[in-house]
Amino acid sequence: MSERKKVKITATGRYVPPKVMTNKDLEKIVDTNDEWIRTRTGIQQRHVAEKGVGSSALGVEAARKALDKAAFDPKDIDFILVATGTPDYYSFPNTASIVQKELGVPPGVPAMDVSAACSGSVYALYTGHQLVASGDYKNVLVIGTEVMTSILNWDDRDTCVLFGDGAGAMLLQPAAEGEGEILGHHLGADGSGGDLLMVPGGGSRNPTSAETLEKKLHGITMQGTQVFKYAVKAMADSTLKVLKKCNLQAEDVKLIIPHQANDRIIEAVSRQLKLPREQFLSNIAKYGNTMAATTLIGLDEVIEQGRVEKGDLVLLVVFGAGFTTGASLIRL
Ligand code: UT7
């Protein structure tokens, strides 16, 4: 067996569709108001893909940006991982194979979707890390991409105001001595929370029918308060677990990039961990919840802004439907 390789994030990219939907726009289609959405969630606007645009298209744009930054030819990608809960098609072809074709990655290169809802980014990053660390692959593309607006019930104000569309991407490669490095992860799942956040229709239990359509079972349903409580506990626990695993302290971390589901969840996690609020990224105001894309968009944004730089420790932490949870600790 070959020796395990250190793995770095060579480059990151993000893409959101140009069309913006503000809270005021939402007031026109559902019984809600800007003040409620801002104060209860922190969201001010979200980006919305045009009809007919799938998650693969957003993912390809984000990937191109990441690869351009590294001046890296898509022809040299040797594995594609796409985290998404809104694949182009239920059930196949998988979105990663569509990305392969559209991005110009050669046929033959493996392409796999990762399904862990909002935790998909960290699950995919973990998987990509292992692929490179094993020595089996050298240039792994990790994408988190969502067209959340395709699975919203626009009559349900409890959920439709929360989500937006977008994608983030990263290129993983072996790291030389002294370069940045992915240090470790924590992953978890608790299926007992499955009913609290789901899309009930369209799968093998409730195949699409006139009845599922009439009952609007193809949109997200959520017990918000219970999900909120799980989210705070899961993200605080996961943060502590990955730090312990890597033998590091929260104070060592320059920035924590949490899943962006609600600004009040981020606030509660910071209080639970007794860490300053400024140590946590919040960009939910601009994007809403883009599920598997939030932390990848966030990482690309803070690198671009110079808020984090080479040598800094950043911690991605997520939770999502399943329930699932996870955290990754990275030295840039
Ligand atoms: O990525 C994971 C996915 N989701 C999440 O993580 C979300 C987790 N949960 C949450 O973020 C929060 O629970 C919500 C934002 C979903 C809801 O906030 P809340 O403070 O828990 O509100 P609530 O559900 O207790 O509702 C409070 C009130 C209710 O009215 P009454 O019963 O007090 O008269 C709701 O009907 O707010 C009402 N309400 C709204 N009002 C205006 C709920 N949604 C809306 C809305 N606009 N969009």
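Counting starts at 1 for both ligands and their atoms, in listed order.
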K.L.:
Going by the atom numbers of ligand 1, which of them fall below 4.0 Å from some non-hydrogen atom of N289?
P.N.:
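Checking each atom against N289, I get 1 (O), 2 (C), 3 (C).
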K.L.:
Considering only NZ, NE, NH1 and NH2 on the basic side and carboxylate oxygens on the acidic side, decide whether E61 and K65 come within less than 4.0 Å.
P.N.:
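No, this pair does not count.
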K.L.:
Tell me which protein heavy atom sits closest to atom 36 (O) of ligand 1, plus the residue, atom name and distance to 0.1 Å.
P.N.:
R157 NH2, 2.9 Å
K.L.:
Do the rings of H185 and Y126 sit parallel, tilted or perpendicular, given the 30° and 60° boundaries?
P.N.:
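Perpendicular: the ring planes of H185 and Y126 meet at over 60°.
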K.L.:
Look at ligand 1 and say whether I37 reaches it with a heavy atom at a distance under 4.0 Å.
P.N.:
no
K.L.:
Under 4.0 Å between a side-chain nitrogen and a carboxylate oxygen: does that hold for D300 and K69?
P.N.:
yes
K.L.:
Could you tell me which atoms of ligand 1, counted from 1 in the order shown, lie closer than 4.0 angstrom to a heavy atom of T41?
P.N.:
15 (C)
K.L.:
Going by the order shown, which atoms of ligand 1 are within less than 4.0 Å of some heavy atom of F319?
P.N.:
2 (C), 6 (O)
K.L.:
Given that the side chain starts at C-beta and the backbone is N, CA, C, O, which of these parts of T159 lies under 4.0 Å from ligand 1, counting heavy atoms, or is it both or neither?
P.N.:
neither
K.L.:
Could you check whether D25 pairs with R46 (Lys NZ or Arg NE/NH1/NH2 to Asp/Glu carboxylate O, under 4.0 Å)?
P.N.:
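So D25 does not pair with R46 through a salt bridge.
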K.L.:
Going by the atom numbers of ligand 1, which of them fall below 4.0 Å from some non-hydrogen atom of T225?
P.N.:
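Close to T225: 13 (O), 21 (O).
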K.L.:
So for M291, does at least one of its heavy atoms come nearer than 4.0 angstrom to any atom of ligand 1?
P.N.:
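The answer is no: ligand 1 sits nowhere under 4.0 Å from a heavy atom of M291.
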K.L.:
Specify the protein heavy atom at minimum distance from atom 22 (O) of ligand 1: its residue, its atom name, and the distance to 0.1 Å.
P.N.:
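Scanning the protein heavy atoms, the shortest distance from atom 22 (O) of ligand 1 goes to W36 CZ2, 4.0 Å.
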K.L.:
Would you confirm whether any non-hydrogen atom of the protein falls under 4.0 Å from atom 33 (O) of ligand 1?
P.N.:
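Protein heavy atom within 4.0 Å of atom 33 (O) of ligand 1: absent.
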K.L.:
For a quick test of reading the model, state the closest non-hydrogen atom pair linking S121 to V318 and the distance between them.
P.N.:
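So the minimum-distance heavy-atom pair works out to OG-CG1, 3.7 Å.
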K.L.:
Is there at least one protein heavy-atom neighbour under 4.0 Å from atom 27 (C) of ligand 1?
P.N.:
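No; the ligand atom in question lacks any protein heavy-atom contact below 4.0 Å.
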K.L.:
Which of the numbered atoms in ligand 1 are under 4.0 angstrom from any heavy atom belonging to R40?
P.N.:
20 (O)
K.L.:
Heavy-atom contact under 4.0 Å between A231 and ligand 1?
P.N.:
no
K.L.:
What is the nearest protein non-hydrogen atom to atom 47 (N) of ligand 1, stated with its residue, atom name and distance?
P.N.:
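Closest protein heavy atom to atom 47 (N) of ligand 1: T32 OG1, 2.6 Å.
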K.L.:
Do the side chains of R157 and D31 get close enough for a salt bridge, i.e. N-O under 4.0 angstrom?
P.N.:
yes
K.L.:
Does the side chain of H186 reach to within under 4.5 Å of the side chain of D237, using non-hydrogen atoms?
P.N.:
no
K.L.:
Quick test: of every protein heavy atom, which one is nearest to atom 18 (O) of ligand 1, and how far off is it to 0.1 Å?
P.N.:
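Closest protein heavy atom to atom 18 (O) of ligand 1: R264 NH2, 3.4 Å.
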K.L.:
Closer than 4.0 angstrom, basic N to acidic O: yes or no for K6 and E177?
P.N.:
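E177 and K6: salt-bridged.
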K.L.:
Under 4.0 Å between a side-chain nitrogen and a carboxylate oxygen: does that hold for R38 and E35?
P.N.:
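Not counted as a salt bridge, because no side-chain N and carboxylate O are separated by less than 4.0 Å.
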K.L.:
Atom 9 (N) of ligand 1: which protein heavy atom is closest, and how many Å away?
P.N.:
G224 O, 3.0 Å
K.L.:
Spell out, as yes or no, whether a donor-acceptor pair under 3.5 Å connects the side chain of T221 to the backbone of M198.
P.N.:
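Such a contact is found between T221 side chain and M198 backbone.
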K.L.:
State whether the side chain of Q260 and the backbone N or O of L281 hold a donor-acceptor pair below 3.5 Å, judged by distance alone.
P.N.:
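Yes, the answer is positive, given that a donor and an acceptor are paired below the 3.5 Å cut-off.
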K.L.:
For ligand 1, which atoms have a heavy atom of A261 less than 4.0 angstrom away?
P.N.:
1 (O), 5 (C), 6 (O)
K.L.:
Look at atom 14 (C) of ligand 1 and find which of D34, N262, I43 reaches it with the closest heavy atom.
P.N.:
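Considering heavy atoms of D34, N262, I43, the nearest to atom 14 (C) of ligand 1 sits in N262.
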K.L.:
Less than 4.0 Å between a side-chain N and a carboxylate O, is that true for E27 and K24?
P.N.:
yes
K.L.:
In terms of residue, atom name and distance, what is the protein heavy atom nearest to atom 4 (N) of ligand 1?
P.N.:
M222 SD, 3.2 Å
K.L.:
Considering only heavy atoms of V161, which atoms of ligand 1 have at least one such atom less than 4.0 Å away?
P.N.:
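With V161 as reference, the close atoms of ligand 1 come out as 48 (N).
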K.L.:
Which of the numbered atoms in ligand 1 are under 4.0 angstrom from any heavy atom belonging to C118?
P.N.:
1 (O), 2 (C)
K.L.:
Could you tell me whether the side chain of T145 and the main chain of A167 form a donor-acceptor pair under 3.5 Å?
P.N.:
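No; judged by distance alone, with no hydrogens or angles, the pair does not exist.
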K.L.:
Can you confirm whether something in the protein, heavy atoms only, sits under 4.0 Å from atom 41 (N) of ligand 1?
P.N.:
yes
